[in-house]
Participant: 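Handing you a structure now.
Each residue takes its place number in the sequence, starting with 1. From a predicted model like this one, the values you see are computed outputs, not experimental measurements. Each ligand, and each atom within it, is numbered from 1 in the order the structure gives.
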Amino acid sequence: MPPLHPNYSSIAAFHAKLVNSKRILAVCGAGLSAASGLPTFRGAGGIWRNHDAMTLATPEAFDADPGLVWMFYAYRRHMALTAKPNPAHYALAELARKVPGFMCLSQNVDNLHVRASHPEEQLRLLHGSLFRIKCTTCDWAEPNNVDDPFCDALAAASTNNPKPGEPHPILDANTPLPSVPEESLPHCPSCKAGLQRPGVVWFGELLDMRMLEEIDEWIDDQKVDMVLVVGTSGVVWPAAGFAERARSKGKTSVVTVNMELDSGGRGARKEDFGFEGDAGTLLPQLLEPVIGKMVMREDGEIMWEGGR
Ligand code: BV8
Ligand code: ZN
């Protein structure tokens with residue numbers, strides 16, 4: 001279905017808008033980390049053994065079977081630690097350094113933005129982090145725990161796939177999971193009573209209210225020139241609502257970067273843009289006039305040539 005207006009996927013038209021944009025918001029989802037090899041929630045990646053990932057990301061699932069939910073999270077911690085930030089993470093971090101009026105909101109809990117040295121004052125992790133650990137009962141928390149395995153009882157989640165190219169045994173519903181009794185899981189070192197749990201926001205849980213207020217203040221402060229909506233299905237609230245809120249101050253370009261532009265631009269306004277493909281490849285190209293060309297030095301250091 002042809003886009004409704006000629007500029008929708010025009011990189012030149014997008015670049016013309018980008019270089020004049022002072023306030024840019026990004027709302028990122030699991031598709032941003034796909035190029036780093038991490039599965040998204042929808043599609044094949046969304047199924048963990050025979051569980052829909054969304055059903056495991058709830059307080060009820062954790063209460064019912066903390067061992068199973070912890071095995072799911074321990075596996076995702078291991079995957080995220082093994083993964084590396086991709087060029088899109090680095091491009092967003094460089095955009096933050098070059099555009100002080102850029103704010104990145106991410107739904108991802110994989111810590112890849114932080115590992116790409118994204119300036120922390122221009123990053124909000126809406127749904128927490130796999131590497132923040134907190135107590136189910138008191139306010140004890142450990143901000144950055146990267147132990148892998150997380151504990152002995154969860155060691156099965158931290159093994160690399162013995163048969164690469166085939167599903168990891170832990171993903172195979174026919175391979176029984178080692179049982180993980182609650183007493184084998186780490187308890188809170190402070191109150192002793194609570195269990196340690198992943199410091200992520202589960203479905204049905206509130207996001208950090210102070211953070212939400214800050215985001216609303218940032219959006220409402222002045223006109224937002226551009227919202228980059230990167231690799232997200234836009235299903236989860238309140239994250240899905242920020243792009244429209246940003247429009248309320250005037251001509252804001254909503255720029256969708258997604259493997260599948262499902263609506264093909266239908267419903268897009270004439271100031272909007274849409275680019276179909278892998279965010280890991282597209283984003284560095286789209287942001288080049290401001291961030292320059294990404295160069296990987298011999299020592300693995302990422303440099304940027306040109307740009308602002
Ligand atoms: C809350 C952490 C108060 C855990 C996650 C209205 C208002 C408020 C709440 C609700 C509401 N309506 C419904 C609710 C309840 C719920 C909700 O939104 N439900 C949905 C399912 C309808 N929201 C909540 O519960 C939130 N809490 O608001 O509290 C409240 C509570 C109840 C009722 C009312 C009010 C808390 C939500 C946070 C949940 N925690 N993560 C964990 O990770 O385990 S969400 C989790 O799923 C991820 O963090 C992520 O946010 C989400 C998955 O979404 P995406 O990131 O978009 O990923 P997805 O796989 O869906 O899509 C990937 C996209 O990438 C696709 O479009 C694909 O095409 C594209 N793609 C793929 N590859 C690439 C690519 N794009 C580019 N390049 C590629 N290579
Ligand atoms: Zn405690």
Side-chain angles (χ1 to χ4, degrees), residues 26-48 51-62 69-70 72-77 79-80 86-89 91 105-112 125-142 186-209 211-212 228-243 245 255-263 274-284 286:
V27 181
C28 304
L32 174 72
S33 296
S36 298
L38 295 182
T40 61
F41 272 72
R42 270 149 202 81
I47 300 295
W48 193 77
H51 300 274
D52 173 342
M54 312 268 272
T55 60
L56 293 173
T58 67
E60 295 74 22
F62 189 77
V69 173
W70 250 122
F72 169 57
Y73 280 94
Y75 175 70
R76 287 175 61 201
R77 284 166 52 99
M79 291 275 287
N86 66 61
H89 293 105
L105 310 180
S106 187
Q107 301 173 83
N108 299 338
V109 294
D110 54 33
N111 207 37
L112 292 181
L125 299 178
L126 299 172
H127 299 153
S129 166
L130 290 169
F131 304 101
R132 178 173 156 75
I133 304 296
K134 64 183 198 179
C135 174
T136 51
T137 312
C138 74
D139 58 6
W140 172 85
E142 185 180 352
H187 283 64
C188 174
S190 170
C191 72
K192 315 283 185 219
L195 270 178
Q196 295 185 24
R197 58 158 279 187
V200 296
V201 179
W202 278 328
F203 287 98
E205 292 187 322
L206 288 170
L207 279 70
D208 178 313
M209 298 313 274
M211 176 181 62
L212 289 180
L228 303 169
V229 180
V230 184
T232 180
S233 57
V235 167
V236 174
W237 288 81
F242 292 124
R245 185 184 179 105
V255 185
T256 307
V257 177
N258 199 300
M259 196 58 113
E260 290 143 30
L261 281 186
D262 40 17
S263 62
F275 300 101
E276 188 159 78
D278 167 37
T281 314
L282 275 174
L283 217 45
L286 289 171

Participant: Is the shortest side-chain N to carboxylate O distance from E205 to K134 below 4.0 Å?
Facilitator: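 Result for this pair is no, no salt bridge flagged.
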
Participant: Please indicate whether any nitrogen or oxygen in D278 is less than 3.5 Å from any nitrogen or oxygen in ligand 1.
Facilitator: yes

Participant: So which atom in L32 and which in A88 form the shortest heavy-atom distance, rounded to 0.1 Å?
Facilitator: CD1-CB, 3.4 Å

Participant: How about C191 and W140: do any of their side-chain heavy atoms sit closer than 4.5 Å?
Facilitator: no

Participant: Compute the angle centred on the Zn ion (ligand 2) spanning SG of C191 and SG of C135, and express it rounded to 10 degrees.
Facilitator: 110°

Participant: Can you tell if the side chain of E142 reaches within under 4.5 Å of the side chain of P189, non-hydrogen atoms only?
Facilitator: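 Of all side-chain heavy-atom pairs linking P189 with E142, none is under 4.5 Å.
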
Participant: Measure from the side-chain N and O atoms of Q196 to the backbone N and O of H187, and report whether any donor-acceptor pair falls under 3.5 Å.
Facilitator: yes

Participant: Hey, is L207 touching ligand 1 through its side chain, its backbone, both or neither, going by heavy atoms under 4.0 Å?
Facilitator: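 Side chain only; the backbone of L207 stays clear of ligand 1.
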
Participant: Heavy-atom contacts with A57 under 4.0 Å: which atoms of ligand 1 show up? List them by number with element.
Facilitator: 44 (O)

Participant: With only distance considered, is F41 within less than 3.5 Å of ligand 1 through an N or O on each side?
Facilitator: yes

Participant: Given S106, G231, S129, which one has a non-hydrogen atom that is nearest to atom 64 (C) of ligand 1?
Facilitator: G231

Participant: Is the closest side-chain heavy-atom distance between L112 and L38 below 4.5 Å?
Facilitator: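 Yes; the side chains approach each other to less than 4.5 Å.
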
Participant: Name the option, out of E260, H127, M209, E276, that contains the heavy atom nearest to atom 5 (C) of ligand 1.
Facilitator: H127

Participant: Report yes or no: does H187 have an N/O/S atom closer than 2.8 Å to the Zn ion (ligand 2)?
Facilitator: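 Checking the Zn ion (ligand 2) against H187, no N, O or S atom falls under 2.8 Å.
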
Participant: Counting heavy atoms only, name the option from P198, A240, G31 that's nearest to atom 74 (C) of ligand 1.
Facilitator: G31

Participant: Can you tell which part of V109 has a heavy atom less than 4.0 Å from ligand 1: side chain, backbone, both or neither?
Facilitator: side chain

Participant: Is there side-chain contact between C138 and C188, with heavy atoms separated by less than 4.5 Å?
Facilitator: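 Yes, their side chains come closer than 4.5 Å.
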
Participant: Would the distance check show the side chain of T58 and the main-chain N or O of A61 forming a donor-acceptor pair, the cut-off being under 3.5 Å?
Facilitator: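 Yes; at least one donor-acceptor contact below 3.5 Å.
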
Participant: Work out whether the distance between some heavy atom of Y73 and some atom of ligand 1 is less than 4.0 Å.
Facilitator: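 A heavy atom of Y73 does come that close to ligand 1.
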
Participant: Which part of A30 is near ligand 1, with near meaning a heavy atom under 4.0 Å away: side chain, backbone, both or neither?
Facilitator: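 Both backbone and side chain.
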
Participant: Applying a strict 4.0 Å limit to heavy atoms, is G204 in contact with ligand 1?
Facilitator: yes

Participant: For F275 and L283: C-alpha separation, side-chain torsions, deciding distance, then whether side chain to side chain contact (heavy atoms under 4.5 Å, CB included) applies.
Facilitator: CA-CA 9 Å; F275 300 101; L283 217 45; over 6 Å; no

Participant: Under the criterion side chain to side chain contact (heavy atoms under 4.5 Å, CB included), I'd like the reasoning laid out for V230 against L282: C-alpha separation, chi angles, the key distance, then a yes or no.
Facilitator: CA-CA 10 Å; V230 184; L282 275 174; over 6 Å; no

Participant: Under a heavy-atom criterion of less than 4.0 Å, does A53 contact ligand 1?
Facilitator: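 A53 does not count as a contact of ligand 1 under the 4.0 Å cut-off.
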
Participant: At a non-hydrogen distance cut-off of under 4.0 Å, which region of A34 contacts ligand 1 (side chain, backbone, both, or neither)?
Facilitator: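 Answer for A34: side chain.
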
Participant: As an exercise, identify every atom of ligand 1 less than 4.0 angstrom from a heavy atom of T232.
Facilitator: 55 (P), 57 (O), 64 (C), 65 (O), 67 (O)

Participant: Just so I know, are the side chains of W70 and L195 near enough to count as touching, which here means a heavy-atom distance under 4.5 Å?
Facilitator: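 Sidechains of L195 and W70: no contact.
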
Participant: Is there a side-chain contact between E276 and N258 (heavy atoms, below 4.5 Å)?
Facilitator: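 Of all side-chain heavy-atom pairs linking N258 with E276, none is under 4.5 Å.
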
Participant: Which atoms from ligand 1 have a heavy atom of V236 less than 4.0 Å away?
Facilitator: 18 (O), 37 (C), 47 (O), 52 (C)

Participant: Would you say L261 and T256 make side-chain contact, with heavy atoms under 4.5 Å?
Facilitator: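 SC-SC contact between L261 and T256 confirmed.
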
Participant: With atom 43 (O) of ligand 1 as the reference point, say which of R76, M54, M259 has the nearest heavy atom.
Facilitator: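 Considering heavy atoms of R76, M54, M259, the nearest to atom 43 (O) of ligand 1 sits in R76.
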
Participant: P238 near ligand 1, heavy-atom distance under 4.0 Å?
Facilitator: yes

Participant: Any N or O on G29 sitting closer than 3.5 Å to an N or O of ligand 1?
Facilitator: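 Such a contact does not occur with ligand 1.
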
Participant: Give a rough value, rounded to 10 degrees, for the angle at the Zn ion (ligand 2) between atoms SG of C188 and SG of C138.
Facilitator: 110°

Participant: Counting heavy atoms only, which part of E205 comes closer than 4.0 Å to ligand 1: side chain, backbone, both or neither?
Facilitator: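 Under 4.0 Å from ligand 1, E205 contributes backbone atoms alone.
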
Participant: Would you say that E60 contacts W202 through its side chain, given a criterion of any heavy-atom pair below 4.5 Å between the two side chains?
Facilitator: no

Participant: For atom 70 (C) of ligand 1, tell me which residue out of T58, V257, L282, N258 has the closest non-hydrogen atom.
Facilitator: N258

Participant: Closer than 4.0 Å to some heavy atom of G277 - which atoms of ligand 1 meet that?
Facilitator: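 Taking each heavy atom of G277 in turn, ligand 1 has 77 (C), 78 (N) under 4.0 Å.
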
